[in-house]
*Asks:* 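First the structure, which I've put down as structure tokens, then a few questions once you've had a look.
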Amino acid sequence: MVESKYTHVKVNNEIELCEVYDKETKEKVKKAFFGAGVSFFIKFKKAAPGKEGRFIICVNSSQRGTAKTAILRKVPHAKEIVNFFDGSYLMKGNVPPFKRAVIAETTVG
């Protein structure tokens with residue numbers, strides 16, 4: 001096999017764009033991406049027994065703006081049901097099933 005200069009180069013441009021908590025919203029996001037020509041993949045994070053999991057939607061970093069615009073245009077009430085990781089839209093009135101915790105460390109000295 002002939003190797004090119006790119007054989008050993010690892011390309012990892014995927015970013016986690018947002019997360020959704022139900023299959024219906026996930027399907028709406030997929031349709032929005034198909035219509036806009038956005039490449040994506042979806043990871044499923046299993047929840048504790050008796051609770052729903054969450055779907056983490058990943059896109060190529062070069063398509064971040066296109067992907068976000070597609071979601072906001074095509075998914076009804078996206079600002080309330082889609083949790084974007086960049087913090088631009090916070091869930092209003094809804095508490096996501098998995099709250100992100102910020103741990104602060106202090107030193108006394």
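Quick note: numbers below take in every heavy atom, side chains included, and nothing from hydrogens, waters or symmetry partners. Just so you know, these numbers come straight off a predicted model, no measurement behind them.
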*Asks:* At what distance, to the nearest 0.5 angstrom, does CZ of Phe55 lie from NZ of Lys23?
*Replies:* 6.0 Å

*Asks:* What is the minimum heavy-atom distance between Cys58 and Glu16, and which atoms define it?
*Replies:* SG-CG, 3.8 Å

*Asks:* Testing the basics here: between Ala70 and Ala36, what is the closest heavy-atom pair and its distance to 0.1 Å?
*Replies:* CB-CB, 3.9 Å

*Asks:* Working to the nearest 0.5 angstrom, can you tell me the gap between His77 NE2 and Leu72 CG?
*Replies:* 13.0 Å

*Asks:* Output the distance between atom CD1 (Ile15) and atom OG (Ser61), rounded to the nearest 0.5 Å.
*Replies:* 6.0 Å

*Asks:* CG/Leu17 to CD1/Ile56 distance, rounded to the nearest 0.5 angstrom?
*Replies:* 11.5 Å

*Asks:* Closest heavy-atom contact between Ile57 and Phe33?
*Replies:* CG2-CE1, 3.5 Å

*Asks:* Are Phe40 and Lys30 close enough that some pair of their side-chain heavy atoms sits under 4.5 Å apart?
*Replies:* yes

*Asks:* Pair Cys18, Ile71 - check side-chain contact (heavy atoms from CB on, under 4.5 Å), show working.
*Replies:* CA-CA 10 Å; Cys18 61; Ile71 291 172; 3.9 Å; yes

*Asks:* Any chain of hydrophobic side-chain contacts (each under 4.5 Å) joining Phe34 to Phe41?
*Replies:* no

*Asks:* Would you call Lys28-Glu24 a salt bridge at under 4.0 Å N-O?
*Replies:* yes

*Asks:* Validate the cation-pi geometry between Lys68 and Phe84: distance from NZ or CZ to the six-membered ring centre under 6.0 Å, angle to the ring axis within 45°.
*Replies:* yes

*Asks:* Count the heavy atoms of every other residue, nucleotide or ligand shown that sit under 6.0 Å from NZ of Lys74, and state whether that count exceeds 12.
*Replies:* no

*Asks:* So how far is it from Asn83 CG to Phe85 CZ, rounded to the nearest 0.5 Å?
*Replies:* 6.5 Å

*Asks:* With the side chain counted from C-beta on, respond yes when Gln63 and Asn60 share a heavy-atom pair under 4.5 Å apart, and no when they do not.
*Replies:* yes

*Asks:* Closest approach of Val59 and Arg64, non-hydrogen atoms and distance?
*Replies:* CG2-CA, 4.3 Å

*Asks:* Roughly how far apart are Glu19 CD and Ile42 CD1, rounded to 0.5 Å?
*Replies:* 12.5 Å

*Asks:* Compare every heavy atom of Val82 with every heavy atom of Val20, then report the nearest pair and how far apart it is.
*Replies:* CG1-CG2, 3.9 Å

